[in-house]
K.L.:
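What follows is a structure written as structure tokens; I'll ask about it next.
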Amino acid sequence: MRIFNVLPGFFNPRKLLKGALLGVVISVSAHAASENTAATNPSLSNKAEANNVVNAEELKPLLQPLANSTGEFEQRLYDQQGELVQESSGTFALKQPGRFRWDTVEPFPQNLISNGKTIWLYDPDLEQVTIKSFADQQDQLPIRLISGDFSVIESGFEISRIIEQSDADLSNTENQHYVLKPLESEQLKTIELTFSENHIQSMTVTETTGFNTVFEFQNNQPLEKLELSTFEFAVPDGTDVFYDN
């Protein structure tokens, strides 16, 4: 086992990860090159007819089921022109507060795990793990949001409900769209959440660079008897360890 410190501006092992497919979760500025495929960026804010500023208490009950659940995800990264850059898929488990497991299956295996204090990003193909503190950092807002750290909703965002012509009735629960604008973030522009029948469908993270990452959640199930060891990580022998401070 070799141990390294990640030095800002010098070397970042995340740039070596195949596709950096979980980069938006651990650091929204990580992108890797791949062949582009034409696609339309589905950002909700581009379709908005009007905004209705709401209190955080309206959003908490909608996120609560996701914060203690398991399911499947699909993830798509779009560039500034709205073209599809990368796709991935896998499974997740979330346990409030702050515990999560994000296992990418396709196109390359990666594991993002947190016990609420430490985050591990493991690439088995490269035999590398990056370890980062689960601290109050702005680049971790998306994963903190969906893993049940509701303190960030109360203090970290201006929240608006997107009202479209087809959704003029605010009591309608069939389609609900929210835009969260971080009050202090140099990396994040907005986080957009879409719900249907009070169940989350997608999360779109827009960076100040113009890149968008869309997460779609499927087959969500309530978290039942899942061992806390699910949210721990033991570094395998022969793995290079990078500490991102």
Side-chain angles (χ1 to χ4, degrees), residues 17-28 39 42-44 58-78 84 86-116 118-124 134 140-153 157 173-180 188 190-206 212-233:
L17 296 177
K18 294 182 178 179
L21 296 171
L22 293 175
V24 72
V25 180
I26 193 168
S27 176
V28 296
S43 179
L44 295 173
E58 179 175 326
L59 196 55
K60 288 182 185 179
L62 297 173
L63 286 171
Q64 184 66 50
L66 181 66
N68 295 277
S69 68
T70 61
E72 301 171 358
F73 72 88
E74 293 184 359
Q75 181 176 338
R76 298 186 301 276
L77 172 65
Y78 297 87
L84 181 63
Q86 295 169 331
E87 292 182 279
S88 64
S89 61
T91 63
F92 70 85
L94 302 169
K95 183 174 177 60
Q96 187 183 30
R99 294 184 177 94
F100 57 82
R101 185 178 186 101
W102 202 267
D103 295 323
T104 297
V105 177
E106 297 290 344
F108 306 107
Q110 283 185 331
N111 308 105
L112 185 70
I113 303 166
S114 174
N115 60 7
T118 302
I119 297 174
W120 297 271
L121 177 58
Y122 176 56
D123 190 310
F134 190 88
Q140 296 171 18
L141 284 176
I143 193 65
R144 291 177 62 196
L145 186 68
I146 65 173
S147 63
D149 187 355
F150 293 150
S151 63
V152 301
I153 305 178
F157 296 99
T173 61
E174 182 176 353
N175 293 295
Q176 297 164 283
H177 309 304
Y178 293 87
V179 173
L180 288 73
L188 288 175
T190 60
I191 299 176
E192 302 176 8
L193 303 172
T194 301
F195 300 85
S196 180
E197 298 294 340
N198 293 326
H199 295 287
I200 192 165
Q201 285 189 325
S202 66
M203 176 175 70
T204 300
V205 179
T206 301
N212 280 9
T213 303
V214 179
F215 301 86
E216 291 189 352
F217 303 98
Q218 303 167 351
N219 300 322
N220 294 7
Q221 299 293 328
L223 186 68
E224 297 182 352
K225 294 182 179 179
L226 197 63
E227 297 292 334
L228 290 182
S229 59
T230 301
F231 305 101
E232 299 285 349
F233 182 77

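Only this structure's heavy atoms are used, side chains among them; waters, hydrogens and symmetry mates stay out. Throughout, numbering of the chain's residues begins at 1 and tracks the sequence.
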K.L.:
Can you measure from CZ (F231) to CD1 (I119) and round to the nearest 0.5 angstrom?
P.N.:
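These two atoms lie 13.5 Å from each other.
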K.L.:
Indicate the atoms forming the closest heavy-atom contact of E192 with T190, along with that distance.
P.N.:
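Taking every non-hydrogen atom into account, OE2-OG1, 3.8 Å.
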K.L.:
Please list all pairs meeting salt bridge (charged side-chain N to carboxylate O under 4.0 Å, His left out) that have one or both residues in residues 59-75, counting only residues at least two apart or in different chains.
P.N.:
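For residues 59-75, and leaving out neighbouring residues, the salt bridge (charged side-chain N to carboxylate O under 4.0 Å, His left out) pairs sorted by first residue read E57-K60, K60-E154.
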K.L.:
Return the OG1 to CG distance between T206 and L188, rounded to the nearest 0.5 Å.
P.N.:
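If we round to the nearest 0.5 Å, T206:OG1 and L188:CG are 9.0 Å apart.
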K.L.:
State whether the side chain of S114 and the backbone N or O of G98 hold a donor-acceptor pair below 3.5 Å, judged by distance alone.
P.N.:
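Between the backbone of G98 and the side chain of S114 there is a qualifying donor-acceptor contact (under 3.5 Å).
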K.L.:
Might you point out which heavy atoms bring R99 and L228 nearest each other, and give the distance in Å?
P.N.:
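Smallest heavy-atom distance, with atoms named: NE-CD2, 3.9 Å.
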K.L.:
Of all residues at least two apart in sequence or in a different chain, which pass the salt bridge (charged side-chain N to carboxylate O under 4.0 Å, His left out) check with E216?
P.N.:
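Partners of E216 by the salt bridge (charged side-chain N to carboxylate O under 4.0 Å, His left out) criterion, ordered by chain and then number, come out as R76.
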K.L.:
Anything under 30° is parallel, anything over 60° is perpendicular, the rest tilted; go ahead and classify F217 against W102.
P.N.:
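Rings of F217 and W102: perpendicular, as their planes differ by over 60°.
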K.L.:
Hey, what do you get for OG1 (T91) to CD (Q218), rounding to the nearest 0.5 Å?
P.N.:
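Nearest 0.5 Å value for the OG1-CD distance: 12.0 Å.
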K.L.:
Evaluate the side-chain proximity of I113 to Y122: yes if any heavy-atom separation is below 4.5 Å, no if none is.
P.N.:
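The answer is no; the side chains never approach within 4.5 Å.
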K.L.:
To the nearest 0.5 angstrom, please state how far the CD atom of Q75 sits from the OG atom of S202.
P.N.:
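The CD atom of Q75 sits 13.0 Å away from the OG atom of S202.
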K.L.:
Could you tell me which non-hydrogen atom of P65 sits nearest to which non-hydrogen atom of P61, and how far apart they are?
P.N.:
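Shortest heavy-atom contact: CD-O, 3.2 Å.
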K.L.:
Locate the shortest heavy-atom distance separating P124 from N111; write the atom from each residue and the value.
P.N.:
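Where P124 meets N111 most closely, the heavy atoms are CD-OD1, 4.3 Å.
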K.L.:
Taking all non-hydrogen atoms of both residues, which atom of L63 and which atom of F195 are closest, and how far apart?
P.N.:
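Looks like CD2-CZ, 4.0 Å.
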K.L.:
Could you measure the distance from the OG atom of S88 to the CZ atom of F215? Nearest 0.5 Å is fine.
P.N.:
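Going from the OG atom of S88 to the CZ atom of F215 covers 7.5 Å.
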K.L.:
Decide yes or no for M203 and I146: does some side-chain heavy atom of the first lie under 4.5 Å from some side-chain heavy atom of the second?
P.N.:
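Side chain of M203 against side chain of I146, heavy atoms only: contact under 4.5 Å found.
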K.L.:
As a test of understanding, state which of T194, I191, L62 forms a side-chain contact (heavy atoms from CB on, under 4.5 Å) with Y178.
P.N.:
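Answer after filtering T194, I191, L62: L62.
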K.L.:
Is it true that a side-chain atom of N115 and a backbone atom of E232 form a donor plus acceptor pair closer than 3.5 Å?
P.N.:
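No, N115 side chain to E232 backbone: no donor-acceptor pair under 3.5 Å.
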K.L.:
Supply the atom-to-atom distance L77 CG to T213 OG1, rounded to the nearest 0.5 angstrom.
P.N.:
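So the CG of L77 and the OG1 of T213 are separated by 4.5 Å.
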K.L.:
Among residues at least two apart in sequence or on other chains, which ones pass salt bridge (charged side-chain N to carboxylate O under 4.0 Å, His left out) with R101?
P.N.:
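Once residues adjacent in sequence are excluded, the partners of R101 under the salt bridge (charged side-chain N to carboxylate O under 4.0 Å, His left out) criterion are D103.
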K.L.:
Relative to each other, are the rings of F73 and F92 parallel, tilted or perpendicular (30° and 60° limits)?
P.N.:
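Geometry flag for F92 against F73: tilted rings.
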K.L.:
Looking only at heavy atoms, what is the nearest atom pair of L66 and L94, with distance?
P.N.:
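So the minimum-distance heavy-atom pair works out to O-CD1, 3.2 Å.
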